[in-house]
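For ligands, and for the atoms within them, numbers begin at 1 and follow the listed sequence.
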Amino acid sequence: MSELKTPHAGDDHAEDDDVVALLMRQHGDIRNLFDEVEATTGEERRDAFRRLVRLLAVHETAEEEVVHPFARKGFAGGEQVVKDRLAEEKAAKETLAALDELDTDDPKFMPQLLKLRKDVQEHARAEERYEFTHIRRSTDVAGLASMAKAIKAAEAVAPTRPHPGVESGAKNMALGPVAALMDRAKDAVRQAMGK
Ligand SMILES: [Fe+2]
Ligand SMILES: [Fe+2]
């Protein structure tokens, strides 16, 4: 009996210690939020979309501040890998901006969302394959943990898991506030890294 262990015990701990585990969990959260936006309508869809926008903003900002700068110098070919990832992130942000101008009930919303989803998914897959694997191989335990700490600091700026009662003020948030959110995430990351 004592040998029975919870199958996923320690997963949260892994995220605290390992930037790659943490970012891959966020990739999973992003996928789930796309599912939620697609599966809902009306106010629920609006709310799920706001959470998706927030998580994408925080996630990509944190990657640009923490992971890409490391990858650029951390392994052979890193410079080109990061250049490719930044081009994908720029394209996704442009689609996101176009999407943010539409109401979630607009008939043009869903085709744009599916385009964004495809872009974001291909980007995440490329990061996992060409960047994260090398980061894990070329970083020591302390490096993985300190990068995880910085990503967590960014995540704390924009909680994306539902907290009843706090959503109303964030509804109908335009891209202006999203840009401000990216700035706050950037500040949080820099502070966590002691810059
Ligand atoms: Fe990214
Ligand atoms: Fe990512």
message = For the metal site, I want the angle between atom NE2 of His123 and atom OE1 of Glu60 with the Fe ion (ligand 1) at the apex, to 10°.
response = 100°
key: Side-chain touch Thr61/Val189, heavy atoms, less than 4.5 angstrom   = no
message = I'd like to know: is the Fe ion (ligand 1) within the 2.8 Å range of an N/O/S atom from His59, strictly under that distance?
response = no
query = So Phe109 and Phe49, would you call those rings parallel, tilted or perpendicular, with 30° and 60° as cut-offs?
reply = perpendicular
ask   = Once rounded to 10°, what is the value of the angle centred on the Fe ion (ligand 2) between His27 NE2 and Glu63 OE2?
value = 120°
query = Under 6.0 Å from the CD atom of Glu128, do we count more than 12 heavy atoms belonging to anything else shown?
reply = yes
inquiry  = Under 6.0 Å between ring centres: does that hold for Phe70 and His134?
reply    = no
request  = Verify the neighbour count for atom CD of Glu44: are there more than 12 heavy atoms of other residues, nucleotides or ligands below 6.0 Å?
outcome  = no
Proximal heteroatom of Glu127 relative to the Fe ion (ligand 1) (N/O/S) = OE2
ask   = Restricting to N, O or S atoms of Glu89, which is nearest to the Fe ion (ligand 1)?
value = OE2
